[in-house]
Structure formats: C-alpha cells, structure tokens
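Quick note: residue numbers are just sequence positions, from 1. Side chains included, hydrogens not; waters and symmetry mates left out as well; all remaining heavy atoms used.
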Amino acid sequence: MTSSSSPARKMLSKIACNRLQKELAEWQASPPGGFNYKVSDNLQRWIIEVSGAEGTLYAGEKYQLQVDFPEHYPMEAPQVIFMNPAPMHPHIYSNGHICLDILYDSWSPAMTVSSVCISILSMLSSSPAKERPADNDRYVRNCRNGRSPKETRWWFHDDKV
C-alpha cells in the first residue's frame with residue numbers, strides 16, 4: 001500500500017506526540033514477541049515487521065504492517081494495513097485492509113500499538129486456512145480510488161479467526 005492510498009494527514013496533536021513517544025520508548029525497551037519496529041524519523045507512520053507464530057499456518061513468514069496515526073490519537077484509532085503482499089487470511093483483503101473490530105468500532109484510547117499488534121498476530125494464528133475473504137474482489141475493486149479502511153462500514157460477524 002502506498003502513501004497515496006492514505007487520507008490527507010494533519011499534524012499530530014501534542015497529546016498524540018507525547019503518547020506515541022511514550023509508546024515508542026516502551027516498544028524499544030520491550031517489544032512484543034514476533035514484531036520488529038522499522039526505525040524511522042516519522043512518528044506519524046510506523047512500519048512494523050510481523051513474524052508468523054511457530055506452530056501456525058504463518059510460521060516462518062514475515063509481513064509488514066503500516067500504522068498511520070491520526071491527529072487525535074489515541075482518542076481516534078490508527079489506520080493499520082498490511083503492506084504488499086498481505087497474508088492470505090479470511091479477514092485480510094488483498095489490498096492489505098484488515099477486518100478487525102478493535103481497529104474501528106471497538107477502539108479504545110487505552111489500547112496501544114503493542115496491543116493492536118498482538119491482536120493481529122492472534123487473529124493470524126487462529127486461522128484454520130489461508131484464504132481471502134469471500135467478498136475480496138468486490139471490496140478491493142471498490143477501494144481502487146484510495147479509500148481508507150476507516151471509511152468502510154465493516155460487518156463483524158465472525159469471531160472464530
């Protein structure tokens with residue numbers, strides 16, 4: 001996913017900057033297992049490498065997450081997508097958009113980048129099959145003009161994976 005697919009971003013608020021600096025310091029001191037932050041001077045966009053958990057369909061595989069923080073983080077959820085190539089998963093579209101309630105309707109300011117990453121790894125690890133969502137082609141076609149996943153009205157109906 002390229003930056004052209006991201007919505008126009010405003011500068012981070014002072015609260016967002018302080019929170020992200022704190023989260024980054026905690027991450028660098030004790031990163032969650034299976035994740036590696038790619039060092040950058042851009043506090044508003046993090047690139048995080050995800051390693052598939054041992055004993056799962058994704059063991060030994062590596063993917064990258066792009067995390068874009070809005071002006072009013074943590075009051076507003078970050079936009080989190082998989083960069084190309086996105087893993088084959090029933091809740092991950094081929095354009096990298098992730099259907100996971102905590103990224104949208106169930107977001108809480110108490111959540112952190114680490115807790116989001118752990119939820120995504122848990123979602124990957126619990127998948128019984130590598131497959132795309134049934135509506136992948138239609139959804140991706142409708143997102144061609146750079147629509148953000150945060151503009152989607154998600155229907156969360158499957159809590160098995």
- How far does CG of Leu12 sit from CZ of Phe69, to the nearest 0.5 angstrom? 8.5 Å
- Task: State the CD-CD distance between Glu76 and Glu71, to the nearest 0.5 angstrom.
- Result: 8.5 Å
- List in chain and number order the residues that pass side-chain contact (heavy atoms from CB on, under 4.5 Å) with Met111, two or more places apart in sequence or in another chain; answer none if no residue qualifies. Ile102, Trp107, Ser108, Ser115
- Query: Quick one: side-chain contact (heavy atoms from CB on, under 4.5 Å) partners of Ile47, sequence neighbours excluded?
  - Reply: Lys38, Arg45, Gln64, Gln66, Met83
- Note: Ala59 and Gly55 closest approach over all heavy atoms is CB-N, 4.0 Å
- Query: With a 4.5 Å heavy-atom cut-off, do Met123 and Ile92 have their side chains touching?
  - Reply: yes
- Note on the structure: Correct closest heavy-atom pair for Pro70 and Pro78 would be CD-CA, 3.7 Å
- Does Val50 reach the side chain of Ile120, with side-chain heavy atoms less than 4.5 Å apart? no
- Mark yes when over 12 heavy atoms from residues, nucleotides or ligands other than Ile15 sit less than 6.0 Å from its CD1; otherwise mark no. no
- May I have all residue pairs that pass side chain to side chain donor-acceptor pair (under 3.5 Å) and include part of residues 20-32, sequence neighbours excluded? Arg19-Glu23, Glu23-Tyr73
- Residue pair Leu124 / Thr56, side-chain heavy-atom distance below 4.5 Å: no
- Query: Do Leu57 and Ile118 belong to the same hydrophobic cluster, where Ile, Leu, Val, Met, Phe, Trp and Tyr are linked whenever their side-chain heavy atoms lie under 4.5 Å apart, directly or via other members?
  - Reply: no
- Should the pair His89 and Tyr58 be assigned to parallel (<30°), tilted (30 to 60°) or perpendicular (>60°) ring geometry? tilted
- Message: Which residues pass the side-chain contact (heavy atoms from CB on, under 4.5 Å) test with Asn36, not counting sequence neighbours?
- Response: Glu49
- Asp101 CG to His91 NE2 distance, which is reported to the nearest 0.5 Å: 10.0 Å
- Does any non-hydrogen side-chain atom of Ile48 lie less than 4.5 Å from one of Val113? yes
- Query: Between atom CG of Leu20 and atom OG of Ser13, what is the distance when rounded to the nearest 0.5 Å?
  - Reply: 9.0 Å
- Message: Give me the atom names and distance for the closest heavy-atom approach of Cys117 to Leu65.
- Response: SG-CD1, 4.2 Å
- Which residues satisfy the salt bridge (charged side-chain N to carboxylate O under 4.0 Å, His left out) test with Glu61, sequence neighbours excluded? Lys130
- Query: Sequence neighbours excluded, which residues qualify as salt bridge (charged side-chain N to carboxylate O under 4.0 Å, His left out) partners of Asp135?
  - Reply: Arg138
- According to the interplanar angle, ranging from 0 to 90°, do the rings of Tyr139 and Tyr93 count as parallel (below 30°), tilted (30 to 60°) or perpendicular (above 60°)? tilted
